[in-house]
Amino acid sequence: MAEDLYAVLGVDRGASQEEIRKAYRRLAKELHPDFNPGDRTAEERFKKVSAAYEILGDPEKRARYDRGEIDETGAEKPQYRHYRDFAETGAGERYHTGRGFEDFADLGDIFSELFGRTARRRAGPMRGPDLRYHLVVDFLDAVRGGRRRVVLPDGSALDVTIPAGIESGQVIRLRGKGAPGFEGGPPGDALVEIEVRPHPLFTREGDDIRVTLPITLDEAVLGGKVEVPTIDGPVRMTIPRGASSGRVLRLRGKGVPDPRTGRRGDQYVRLEIVLPEQIDSELETFMRRWRENHAYDPRARLREMA
Amino acid sequence: MLVGEREVVAEIRGLTVRRLRAWVRRGWIRPAVRDHEYRFDELDLARLRLLCELREELGVGEEAMPLILSLMDQVYGLRRELRRLAEAIGAEPVEVRERILARLHEAP
């Protein structure tokens, strides 16, 4: 049986909007799940209280509810992820205060060992908070490394050295470049998260580079030397005679350096035969003639396997 | 996914650019910075929704807000450490866990 919304908020049916609002605020402050993390009962009650207020707090909806036009569920609110869903995960640390254990220092070293840098200090100088930045770098800058400047909203700037081979999602820590410390404590660090902008030609797989290389019909048939772009600039590569579309050739050592070892991956070049824009009569005549005695079937395996 | 000030204000009911900037200035919200602009992630958005809810629906005033946020951040920080501690104890052999439990249940 449906619960009476007035009973949920603990108010009379004749209560004024102001009384309803006050009742809601009182209950919501007590039960709010972001302040009662892990307490299921409070969370369930909070949901009921919010749902009740959603209807009774709006004079129009309340009148419809009183007339029996809508039931106690009313309209669904959009579902957002709650603060508590994030607060204890990795990112939530940004907002945590690390000062909660300072008075535990009298319990001996175990707490400073357990909870790290803040436990041992009782009061006084505190390290400043870390600041977080997001830096978009071009594909080739990420692959080759280099220096980039991040300009902050207040006009100051931060120089960031990007190690060659960095990937999206990696974070560069700049010691002492965060917010100033408290009471003479050292400043925090700047944490620069890198986002690598995709390249129109090159894609990256681990330390390897992949690129698709268009070749002409005659290059495919006869083979030959062609120019291929690499992250170091163009190099000459030999196309073997009779290379089909989809064939992959390897350029050893033309990939991305591993930021730790400096060893480079390879570049894989996928060939793609591109016909001339216009099929002229000479090519057409040749092909017609060639077809007569040189039929071949590249789809034989397809039929076998289907 | 990171969004800028304008998207955040459009997304969250009851939020204005002015208020958003004031909260960032006070350190209640700590977005990332990219190309001279603030960038907000899902954690920031959830926290902003909570701040708006506290302000608009629960009638929490500006003076009470730092107290509430500070307590909340401490609770989550403590819960996180407690979780780590419980996980570390949980990974210990049975005898160690039982010794710790016995110690916890001892009369103070």
Side-chain angles (χ1 to χ4, degrees), chain A residues 21-22 24-29 32-38 50 53-54 57 78 80-101 111 114-116 118-119 129-136 150-155 157-158 179 190-193 195, chain B residues 1-5 11-13 21 24-25 27-60 64 66-89:
Chain A
R21 194 170 65 106
K22 278 190 180 149
Y24 166 68
R25 284 186 168 181
R26 187 173 46 74
L27 286 167
K29 276 179 195 151
H32 198 293
D34 285 340
F35 299 98
N36 295 276
S50 310
Y53 184 66
E54 179 76 2
Y80 295 115
R81 288 188 64 193
H82 298 284
Y83 185 66
R84 58 187 173 282
D85 299 335
F86 298 97
E88 282 167 58
T89 63
E93 201 171 6
R94 190 183 321 152
Y95 290 112
H96 294 167
T97 43
R99 309 192 207 179
F101 298 109
F111 266 93
L114 282 176
F115 300 116
T118 53
D130 292 340
L131 295 180
R132 220 162 45 99
Y133 300 97
H134 190 93
L135 178 63
V136 183
V150 189
V151 181
L152 312 185
D154 68 3
L158 210 58
L191 303 174
V192 184
E193 188 184 341
E195 181 185 329
Chain B
M1 231 262 303
L2 294 170
V3 294
E5 275 181 349
E11 160 106 16
I12 297 179
R13 202 168 41 165
R21 287 188 184 157
V24 170
R25 219 170 22 245
W28 297 353
I29 300 292
R30 294 168 207 158
V33 174
R34 164 172 144 187
D35 303 338
H36 302 231
E37 282 175 21
Y38 291 119
R39 296 278 156 177
F40 301 83
D41 66 6
E42 278 198 286
L43 171 70
D44 299 319
L45 285 178
R47 192 172 167 98
L48 277 165
R49 278 196 197 96
L50 176 63
L51 280 169
C52 287
E53 197 182 333
L54 288 174
R55 193 192 142 94
E56 301 296 320
E57 289 176 33
L58 303 189
V60 173
L67 175 67
I68 289 177
L69 292 182
S70 156
L71 289 173
M72 184 179 79
D73 293 339
Q74 285 181 54
V75 167
Y76 282 111
L78 291 169
R79 279 176 62 87
R80 179 196 185 88
E81 295 303 345
L82 197 57
R83 187 188 289 272
R84 284 183 51 219
L85 185 59
E87 280 167 4
I89 293 172

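These numbers were taken from a predicted model, which means no experiment stands behind them. Letters A, B, ... are given to chains in the order of the sequence lines, protein chains preceding strands, and every chain is numbered from 1. Scope of the values below: all heavy atoms of this structure, side chains included, with no hydrogens, waters or symmetry mates.
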Novice: Looking at A:Tyr133 and B:Val33, what are the two nearest heavy atoms and their distance?
Specialist: CD2-CB, 3.4 Å
Novice: For residues A:Phe35 and B:Ile68, determine if any side-chain heavy atom of one lies less than 4.5 Å from a side-chain heavy atom of the other.
Specialist: yes
Novice: Under 4.5 Å from any heavy atom of chain A, what part of B:Leu48 do you find: side chain, backbone, both or neither?
Specialist: neither
Novice: If you tally heavy-atom pairs under 4.5 Å against chain A, which of B:Glu42, B:Met72, B:Arg79 wins?
Specialist: B:Arg79
Novice: Answer with side chain, backbone, both or neither: which region of B:Leu2 has an atom nearer than 4.5 Å to a non-hydrogen atom of chain A?
Specialist: side chain
Novice: Using a 4.5 angstrom heavy-atom cutoff, name the option from B:Leu71, B:Leu69, B:Ile29, B:Leu54 with the most pairs to chain A.
Specialist: B:Ile29
Novice: Are any non-hydrogen side-chain atoms of A:Arg84 and B:Leu50 less than 4.5 angstrom apart?
Specialist: no
Novice: Any donor-acceptor pair under 3.5 Å linking the side chain of A:Arg25 with the backbone of B:Glu57?
Specialist: yes
Novice: Relative to chain B, which segment of A:Glu195 carries a heavy atom at a distance below 4.5 Å: side chain, backbone, both, or neither?
Specialist: side chain
Novice: When you measure from the side chain of B:Arg39 to the backbone N and O of A:His134, does any donor-acceptor pair fall under 3.5 Å?
Specialist: no
Novice: Find the distance between CG (B:Asp44) and OH (A:Tyr83) and round it off to the nearest 0.5 Å.
Specialist: 9.0 Å
Novice: Is A:Tyr95 close to B:Arg30 at the side-chain level, that is, under 4.5 Å between some pair of heavy atoms?
Specialist: yes
Novice: Let me know if B:Glu53 has heavy atoms under 4.5 Å from chain A in its side chain, its backbone, both or neither.
Specialist: side chain
Novice: Atom CG in B:Leu58, atom CZ in A:Arg26: separation rounded to 0.5 Å?
Specialist: 13.0 Å
